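Throughout, protein chains are lettered first and strands after them, A, B, ... in sequence-line order, and every chain is numbered starting at 1. On a predicted model such as this, the values are computed, not experimentally measured, just so you know.
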2 protein chains.
Amino acid sequence: MSDKRRTQNEVAEGADRRVRVDVQRNLDALLQAAKAVFATSGVDAPVREIAEKAGVGVGTVYRHFPRRSDLVAAVFRREIDACAAAAPLLAASYEPGEALLKWIERYVAFIATKRGLAEALHSGDPVFEPLPLYFQQNLEPALGQLLRAAATAGEIRGDVDAGDLLNAIARLSGADQAQRMVALLVDGLRYGKKASSGLR
Amino acid sequence: MSDKRRTQNEVAEGADRRVRVDVQRNLDALLQAAKAVFATSGVDAPVREIAEKAGVGVGTVYRHFPRRSDLVAAVFRREIDACAAAAPLLAASYEPGEALLKWIERYVAFIATKRGLAEALHSGDPVFEPLPLYFQQNLEPALGQLLRAAATAGEIRGDVDAGDLLNAIARLSGADQAQRMVALLVDGLRYGKKASSGLR
DNA sequence: TTGAAAAACGGAACAATGTTCCGTATTTGT
DNA sequence: ACAAATACGGAACATTGTTCCGTTTTTCAA
């Protein structure tokens, strides 16, 4: 290794070396192909299918994403971010209760388009652990804000955990009657200020 | 044991031939092994593992259960039946609201012990189609009865479909916070007599 | 009791998939 | 233009569902 001093490019960050152009190209193609395939065949689609659609070998897929789930996570990250970003926007445009409802609606729509994602999140397979983590780290604060605002406004009870709700909705989504079931869950939010189901 | 004529055993049904003893033995061993393995490793456990535990070859497993899911279904059928049978018993021993709550509790406990079952039910994999069918055909009437009784008694709203609720609970079960989420759902049952979430 | 036909058995073999490995091709910095 | 570094593609391996078939066990009746 001759010394590789990157002269002026030596940014603070560990920017070891400029990313090779082919890497960037393949990564883009991969993410795009994966997004398309996931939408079509669900998140359980074979890696080979994605690799082929992207015009790369499976080796390339695995170099960028050591685990299948890493690819899934990468593909969804940006959509998750967008969903999280929507929260403050809605909060600024509607009253607390309405904003909460609208955000949940958006969240449901997002989850619904990802066949198999709900299962993956809950599969228990250690390989999917990072995914729900990212989900919650990004979505929980967003929902938490809306939840708190709505509770303060007295529109819903105040003892509901954002993470719980996020998880519950994700599980309910995907079913034919998802809308109805989520609605029921939301009604539960308004039931009262104190626990009361007897199942606690 | 010479005289083998089926004499009085000759039931009307096309009892072509008495089931071979080894068949019965293997079938029992299989169901028992499967039940144990499912409880330990979840319903996704490899068929080979079950076959080995039962002391039979995989060929035997597939002769009795053409699809993996058929075995899963067989193992749960009796438990499902028991769960369904509990409904009228509870209805006879408690007031409508209480009976409903207790039955849901039992249902949750049952689902909880079957790691992966909720996912299987919803997997979309055509191979699991018969399972949810059996579930609903047996559990829906049971829950429906309790639901109707509770609604009549004015303890919950009357527009909740038993199938929906069954499905929703199955999806929620298995999570760490399943109890809390189901409780929230149940609270939703009491919210009012009319739709009100705005998500409908 | 005995022997041949029927039924079931076990497990090797096949197919689909996730993942790893490595010889080859591409890119980069000089 | 060249050599080192890096990435690439896809064959090879591991795991698991499912099928196939030669062998073993059970049944039935003479």
Side-chain angles (χ1 to χ4, degrees), chain A residues 1-10 15-30 33-34 37-38 41-73 116 120 123 125-128, chain B residues 1-7 9-10 14-30 33-34 37-38 41-73 116 120 123 125-128:
Chain A
M1 332 2 283
S2 31
D3 87 325
K4 245 70 223 250
R5 62 271 213 262
R6 197 88 14 53
T7 58
Q8 87 283 42
N9 270 7
E10 205 66 58
D16 271 17
R17 190 184 273 267
R18 208 164 56 215
V19 273
R20 272 174 57 159
V21 295
D22 53 346
V23 171
Q24 192 56 249
R25 176 166 34 79
N26 283 332
L27 220 154
D28 288 343
L30 216 36
V37 173
F38 287 163
S41 315
V43 295
D44 289 332
V47 172
R48 283 169 178 71
E49 188 182 333
I50 297 167
E52 185 179 27
K53 183 145 198 162
V56 306
V58 288
T60 299
V61 177
Y62 279 90
R63 194 164 337 92
H64 288 308
F65 308 99
R67 304 279 142 195
R68 224 179 142 287
S69 60
D70 294 326
L71 174 56
V72 176
S123 73
D125 184 333
V127 125
F128 278 111
Chain B
M1 341 4 310
S2 17
D3 92 325
K4 241 63 223 254
R5 56 277 220 271
R6 205 86 22 49
T7 58
N9 271 5
E10 204 68 54
D16 269 15
R17 192 184 271 269
R18 208 165 55 215
V19 272
R20 275 174 55 158
V21 295
D22 51 348
V23 170
Q24 192 56 248
R25 175 165 36 78
N26 283 333
L27 221 156
D28 288 344
L30 215 37
V37 172
F38 287 163
S41 315
V43 295
D44 289 332
V47 171
R48 283 169 179 70
E49 187 181 334
I50 297 167
E52 184 179 28
K53 184 145 197 163
V56 305
V58 289
T60 298
V61 177
Y62 279 90
R63 195 163 337 91
H64 288 307
F65 308 98
R67 304 278 143 194
R68 221 179 146 289
S69 59
D70 293 327
L71 174 56
V72 176
S123 73
D125 185 333
V127 124
F128 277 111

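Between B/Val21 and B/Ala45, the one whose closest nucleotide on DNA chain D sits nearer the 5' end is B/Ala45.
If you measure from atom CD of B/Gln24 to atom P of C/dA8, you get 12 Å, rounded to the nearest angstrom. A straight line from CZ of A/Arg25 to C1' of D/dT6 spans 14 Å, rounded to a whole angstrom.
When the side-chain hydrogen bond (donor to acceptor under 3.5 Å, both in side chains) test is applied to B/Asp28, no partner is found at least two apart in sequence or on another chain. B/Ala33 is linked by a side chain to side chain contact (heavy atoms under 4.5 Å, CB included) to B/Ile50, B/Lys53, B/Ala54, counting only residues two or more places apart in sequence or in another chain. Applying the side chain to side chain contact (heavy atoms under 4.5 Å, CB included) test to A/Glu49 and every residue at least two apart in sequence or in another chain returns A/Val37, A/Ser41, A/Ala45, A/Pro46.
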Tabulate protein N/O versus nucleotide N/O from nucleotides 14-16 of chain C, keeping only pairs under 3.5 Å, one per line.
none

Extract from the structure each pairing of a protein N or O with an N or O of nucleotides 20-22 of chain C at less than 3.5 Å, listing the distance.
| from | atom 1 | to | atom 2 | distance (Å) |
| --- | --- | --- | --- | --- |
| C/dT20 | OP1 | A/Arg67 | NH2 | 3.2 |

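The phosphate of C/dC9 (OP1 or OP2) has a side-chain N or O of B/Asn26 nearer than 4.0 angstrom. Contact annotation: A/Thr60 does not reach the phosphate of D/dA7 (side-chain N/O to OP1 or OP2, under 4.0 Å). Of the side-chain N and O atoms in B/His64, one or more sit less than 4.0 angstrom from OP1 or OP2 of C/dC9.
For A/Arg20 against C/dT28, no side-chain N or O and base N or O form a donor-acceptor pair under 3.5 Å.
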